[in-house]
Structure formats: C-alpha cells, structure tokens
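Report on the structure given below.
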Amino acid sequence: MAQSAPLYQRIAAELREQIRTGKIKAGERLPTEQDLMASHDVSRNTVRLALGMLQNEGMITSTPGRGTIVRERIMADYHATWAETRDRRASDQADAFQSEMAEQGRHAEYRDFAMSLEVAGPDFSHRLQVDQGDALVSRGFVRYADNQPLSIQVSYYPMDIAQLAGLVVPNDIPGGAIRAMARVGHEEIGYRDEITARMPTPDEARKLQLGSGTPVIVYARTTYSDKRPLRLTLTTFASDRNRVIYELGDVRAYLAQEGAEA
C-alpha cells in the first residue's frame, strides 16, 4: 500500500497480509492494542480504526476475555442442483442436510424450529400465485454444523396445500414436507431459483452470529407441480461460511476426477 495512505489503512493491510499468509492463523489472537500502538508508534484511535476495517471485512472478531482473534473460515458446500433429489431420497429434509455435511466431515443439526401463520404480501402472493392477504404456513429453523450456525431456512406453503399435507403442526414431518405433499397429489416437478446478496437484518446477524460488515446470501427457491406453485423456500446463508454450487449438464468428467481424488 502506498505510503500516502492513512496510517490505519497501512496497519490494516499489514495485518491482513499476515492473516492471508498464515503468519497469524485462524483462532489465534492478534497483537493487543497496546502492542500495535507501540510497534507502529500510533494512537489508540488509529489502531482501532485499523482493527475496525478488518472486523468489517469479517476477518477478525473481538471476544470478551479472548481479545481480537482471526475468524475461522471453514466453508460449507451447498449443492443446489442436488438438494431436491437428496430430500426425496432421505427420510426427511434434515437427513438430506446432515448427509451433505457428513460427506464434508462435519456434524450437522437443526435448531430453533418454528411454525407460524403468515399473511401473503405482494411478493409472496406473486411467487405462490395466491391472493394478497391469504394465509400461508411457514416452517423454519437454523442449520448448524459443528455448533456453528450456517443458514436460516424458512419455507412458505399455501394454506390449502399445508392443511391437506398435514404441515400445520409445530414439529417435524415424518418423511419430510416434500413427500407429504406428494402423497396428497402435489408433487414437485420444477424449480425456479434466485440468488441475491444483501446485508443482514439484526435478527439474522444474531441468529447467524455474524461479524460486523458480513453480508448474507439469500437463496430463494420456488417449486412447482404441473398445475401451480407449491412452496417458496428462503435460505439465508452466512456468506463467510457457505459456498453455493451448481453443476449443470454432463459433469461425469468432474465426478470421475472427484472420485479419484477422494
């Protein structure tokens, strides 16, 4: 970085490079504010501006009693093109997620399950082709891997489908919601996905334990039968812990390579 850059930016760049090269590893503490003040001959405010930059980038976090530490960056892979197939093969949706995490050597679980009734606003009414003001059933939870929150997932169902499929209950559905709908004649045969990025709401930041300045990835999937939309699932990913993967077309060469490297 140019010498004309403000001191705090130069200190941040130096620390960033030490983190990038592994000189300061994930989980390790950064030098204290006093040490940085002494080594760079700067004020406390300058040091705090430098640390604030790295915190906003999601590289470090301040923990009471532990000081400022480098955040662990273990990425979880979410194979969007496989998700629905796996849900159908698994005994329920939780098993599909747990299977994917197990393949990545991680222990997965669902927490904070909630079922509620919602009113369809303009966006949801358009996506699900229901009238504005119609009742929707929402079912959601927080996905964890190795005790770290990865994503918040909430699915919305038109009331008539939810009632027919037995989804208006405050607990897991044996076999999963997808199979429950298929049993009563509402089989998912098509999907429309949208992926966007934004800053989290305060509630999302709390549930996902996000550092300051860390955005989220919002993955919206609307599913369809041959007659109508069946559900809208919104998955809000912590962007620093998740990688959304699509594999389209014939990828046998890639799968063969992955099998050889396993």
Side-chain angles (χ1 to χ4, degrees), residues 76 78 80 83-84 86-101 107-145 147-188 191-194 200-210 216-225 227-238 242:
Y78 179 79
E84 302 302 331
R86 290 191 170 203
D87 279 349
R88 293 172 187 223
R89 287 204 298 259
S91 62
D92 55 37
Q93 290 189 30
D95 285 346
F97 172 62
Q98 289 168 346
S99 296
E100 177 135 34
M101 289 300 100
H107 171 71
E109 58 183 320
Y110 283 36
R111 299 182 190 175
D112 304 325
F113 174 82
M115 187 280 293
S116 64
L117 303 183
E118 309 283 343
V119 175
D123 182 42
F124 284 14
S125 66
H126 174 73
R127 291 174 187 266
L128 292 171
Q129 294 179 19
V130 298
D131 292 333
Q132 288 190 44
D134 279 2
L136 304 175
V137 173
S138 73
R139 300 173 58 83
F141 36 73
V142 182
R143 286 170 158 173
Y144 280 73
N147 290 316
Q148 182 181 56
L150 293 183
S151 60
I152 303 166
Q153 185 173 90
V154 184
S155 293
Y156 299 87
Y157 306 86
M159 178 58 76
D160 62 319
I161 293 177
Q163 289 179 323
L164 189 62
L167 306 183
V168 194
V169 291
N171 51 261
D172 289 338
I173 304 297
I178 294 171
R179 287 181 174 177
M181 290 192 295
R183 283 196 296 269
V184 295
H186 293 290
E187 182 177 2
E188 296 183 350
Y191 316 96
R192 183 176 189 272
D193 291 351
E194 299 174 33
T201 66
D203 186 59
E204 290 167 346
R206 177 183 60 81
K207 288 181 177 178
L208 293 174
Q209 300 174 19
L210 297 174
V216 292
I217 302 167
V218 181
Y219 170 64
R221 167 162 284 187
T222 308
T223 72
Y224 298 85
S225 69
K227 298 180 178 65
R228 60 181 290 191
L230 300 181
R231 71 177 162 96
L232 167 65
T233 295
L234 300 179
T235 307
T236 304
F237 293 99
N242 291 276

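Values below: every heavy atom of this structure, side chains too, minus hydrogens, waters and symmetry copies. Residues take their numbers from the sequence shown, with the count starting at 1.
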> Step by step, would you call Met115 with Val137 a side-chain contact (heavy atoms from CB on, under 4.5 Å)?
Replying inline: CA-CA 7 Å; Met115 187 280 293; Val137 173; 4.1 Å; yes
[X]: salt bridge (Lys or Arg N to Asp or Glu O under 4.0 Å) partners, not counting sequence neighbours:
X      : result
Asp131 : none
Asp193 : Arg221
Asp134 : none
Arg183 : none

> Mind checking whether Asp112 and Phe141 have side chains closer than 4.5 Å, heavy atoms only?
Replying inline: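 They are not in side-chain contact.
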Would you compute the distance between atom [atom1] of [X] and atom [atom2] of [Y] and round it to the nearest 0.5 angstrom?
X      : Y      : atom1 : atom2 : answer
Leu230 : Gln129 : CG    : CD    : 10.5 Å
Leu232 : Asp123 : CG    : CG    : 7.5 Å
Lys227 : Glu187 : NZ    : CD    : 10.5 Å
Ile161 : Arg228 : CD1   : CZ    : 3.5 Å

Locate the shortest heavy-atom distance separating [X] from [Y]; write the atom from each residue and the value.
X      : Y      : value
Leu136 : Pro158 : CD2-CA, 4.0 Å
Pro200 : Ala205 : CB-N, 4.1 Å
Leu208 : Thr236 : CD1-O, 3.9 Å
Gln132 : Ser125 : CG-OG, 3.4 Å
Ala162 : Tyr157 : CB-CB, 4.1 Å
Gly166 : Ile173 : O-CD1, 3.4 Å

>> Check whether Arg139 reaches the backbone of Phe113 with its side chain - one donor and one acceptor, N or O, closer than 3.5 Å.
In response: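 No.
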>> Below 30° counts as parallel, above 60° as perpendicular, anything between as tilted: where do the rings of Tyr219 and Tyr78 land?
In response: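 The rings of Tyr219 and Tyr78 stand perpendicular, inter-plane angle above 60°.
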Kindly write out the residues that satisfy side chain to side chain contact (heavy atoms under 4.5 Å, CB included) with [X], not counting sequence neighbours, or none if the list is empty.
X      : value
Asp203 : Thr201, Arg206, Lys207
Glu194 : Arg127, Arg192, Ala220
Ala76  : Met101, Gln104, Arg106, Leu150, Asn242

Partners passing side chain to side chain donor-acceptor pair (under 3.5 Å) against [X] (at least two apart in sequence or in another chain):
X      : result
Asn147 : Arg111
Thr235 : Gln153
Ser225 : none
Thr222 : none

> What pairs with Tyr156 under ring-ring contact (aromatic ring centres under 6.0 Å, His included), at least two apart in sequence or on another chain?
Replying inline: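 Per chain and number, Tyr156 pairs via ring-ring contact (aromatic ring centres under 6.0 Å, His included) with Phe124.
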>> Under the criterion side-chain contact (heavy atoms from CB on, under 4.5 Å), I'd like the reasoning laid out for Ile178 against Arg231: C-alpha separation, chi angles, the key distance, then a yes or no.
In response: CA-CA 9 Å; Ile178 294 171; Arg231 71 177 162 96; 3.6 Å; yes
> Going through the checks in order, is the side-chain contact (heavy atoms from CB on, under 4.5 Å) test met by Arg143 and Tyr110?
Replying inline: CA-CA 5 Å; Arg143 286 170 158 173; Tyr110 283 36; 3.3 Å; yes
